[in-house]
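Quick note on labels: first sequence line is chain A, next is B, and so on, each numbered from 1. Being a predicted model, the structure only gives us computed values, none of them experimental.
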There are 2 protein chains.
Amino acid sequence: MARAGLTAERVTIAGAELADEVGLDQVTMSQVARRLGVKDASLYTHVRGLEDLRGRIALLAADEKTIRIAEATSGRAGKDALVAFADAWREYAHTHPGRYTATQTPIRIDPELAAKAPGPRRAVELTYGMLRGYGLTEPDLTDAVRLLRSTFHGFVALEAAGGFAHERSPRQSWVRALDALHTLLEHWPPAREGDSA
Amino acid sequence: MARAGLTAERVTIAGAELADEVGLDQVTMSQVARRLGVKDASLYTHVRGLEDLRGRIALLAADEKTIRIAEATSGRAGKDALVAFADAWREYAHTHPGRYTATQTPIRIDPELAAKAPGPRRAVELTYGMLRGYGLTEPDLTDAVRLLRSTFHGFVALEAAGGFAHERSPRQSWVRALDALHTLLEHWPPAREGDSA
DNA sequence: AGGTTAAAACTAGAGGTCTTAGGAATGGGG
DNA sequence: CCCCATTCCTAAGACCTCTAGTTTTAACCT
């Protein structure tokens, strides 16, 4: 029987495609094997198991998303950068729902593998870079980054879960949310007594 | 063999407990049956299947969370109410991680069953009520509600996924995020040209 | 009390999944 | 050309979901 030419990467990509098509929890070893024209057991040469595969999909997605954001924000500053960053984030979640879902799973990723992935560190740099123009300093900077990431992630997650059943289109709320966040970053409230606790 | 006295509700609760203990995706028919001292097949008298059980857990969680929030915000207004609301939300996610995860799944819930659940409607009322003091009007009100829900959900989701690896404690960032959101609600930016698109 | 009956729980089994173990083919390096 | 590490396979065990058909239970009725 001719070799299929599998690699860990090809298996991961097949899994990611499957995730986007039928949902992350429909990604099984068997399905991925079938898609690659191979028996289930053959995958275990390249991937430790289902958990490992899921982790690799998550890492792939994180990298891809970071790249999109980097492209989108390149050369922009201030609110332009904020909107480009956020739109790229949401766009990725929309076009790759399965991959995006994978990024939400608690980190059960092989640490050694994770160390090789450029995504996370780069993502952090991008976010801090985007906020540079607002003149925040630590620890406000970290807090602001966390607030932004929370809002972006929360919005697309709720959107995907069907949480916005209301009349008003999510798109409109999204635009207004970005307006609001921009305003907020420009007028970031000073820490008050007791906030260091 | 003596009857176990199962009901759909008892099965759901067993599933919810299991979810909190070992994670939602470890909740299987077999495990739930084992916990109840019953054979797998017996569960199908009370619950349509695994999907259905998951949906019921999600509904249970939504109701419980809403109740906690209602209790916490009762009698409060303004920033007090905002903080109580948010803290109750986060607290629920922390103490019931499996149940909370269940609420994130896209709605595959039996519509008939969902109609009976008081949670969702009540949750919406609570949120709008909490914002009453800020003097917002539609459609800003809807946008603000969506922003808050996104941020709350996003924060606890990232927290649970290990997304806040930084030095600074999530608790501190949470407190500051609430400060920031309060400020934002007090100075909600007016809609600009083109925002209705 | 005893008999009837609907529901609850069981046994059996088909079909799917994950994973390990060990055997056979393949193709690149000596 | 042949070695042999790697790739892919078959086989098999354990577990899972769900359906069908059967037995047991408890509640109701006279």
Heavy atoms of other groups near A/Glu9 CD, more than 12 under 6.0 Å: no
Interatomic distance where CG belongs to B/Leu53 and P belongs to D/dC16 [whole Å]: 14 Å
Sugar-phosphate only, base, or nothing, as touched by A/Arg34 at under 4.0 Å among non-hydrogen atoms: sugar-phosphate
Heavy atoms only, 4.0 Å cut-off, all strands: where does A/Gln26 land among base, sugar-phosphate and nothing? nothing
Between CG of A/Leu6 and P of C/dT26 the distance, given in whole Å, is 15 Å
Checking ring-ring contact (aromatic ring centres under 6.0 Å, His included) for the pair B/Tyr134/B/His182: CA distance, chi angles, key distance, verdict? CA-CA 9 Å; B/Tyr134 291 102; B/His182 172 69; 5.6 Å; yes
Tell me the interatomic distance from A/Gln31, atom CD, to C/dC18, atom C1', rounded to whole angstroms. 14 Å
Does the side chain of B/His46 get closer than 4.0 angstrom to OP1 or OP2 of C/dA9 through an N or O atom? yes
Using atom OH of B/Tyr44 as one end and atom C1' of C/dA7 as the other, report the distance to the nearest whole Å. 19 Å
Does the plane of the ring in B/Phe85 sit parallel, tilted or perpendicular to the ring in B/Phe152? Use 30° and 60° as the thresholds. tilted
How many Å lie between CG on A/Asp40 and P on C/dT19, as a whole number? 11 Å
Whole angstrom value for the distance that separates P of D/dT19 from CG of B/Leu43: 13 Å
Is A/Ser30 near enough to C/dT17 that one of its side-chain N or O atoms lies under 4.0 angstrom from OP1 or OP2? yes
Given D/dC9, is OP1 or OP2 found less than 4.0 Å from the side-chain N or O atoms of A/Ser42? yes
What nucleotide, of C/dT19, C/dT11, D/dC18, holds the atom closest to the side chain of A/Leu50? C/dT19
Using a heavy-atom cut-off of under 4.0 Å over every strand shown, decide if B/Thr28 touches base, sugar-phosphate, or nothing. sugar-phosphate
Could you state the CG-P distance from B/Leu18 to D/dC16, rounded to the nearest angstrom? 11 Å
Taking atom P of C/dT17 as reference, at what distance in whole Å does atom NZ of A/Lys39 sit? 12 Å
Is a donor from one side chain sitting under 3.5 angstrom from an acceptor on the other, for B/Thr142 and A/Arg168? no
Salt bridge or not between A/Asp179 and A/Lys79? Use side-chain N to carboxylate O under 4.0 Å. yes
What nucleotide, of D/dA11, C/dA9, D/dT17, holds the atom closest to the side chain of B/Met29? D/dT17
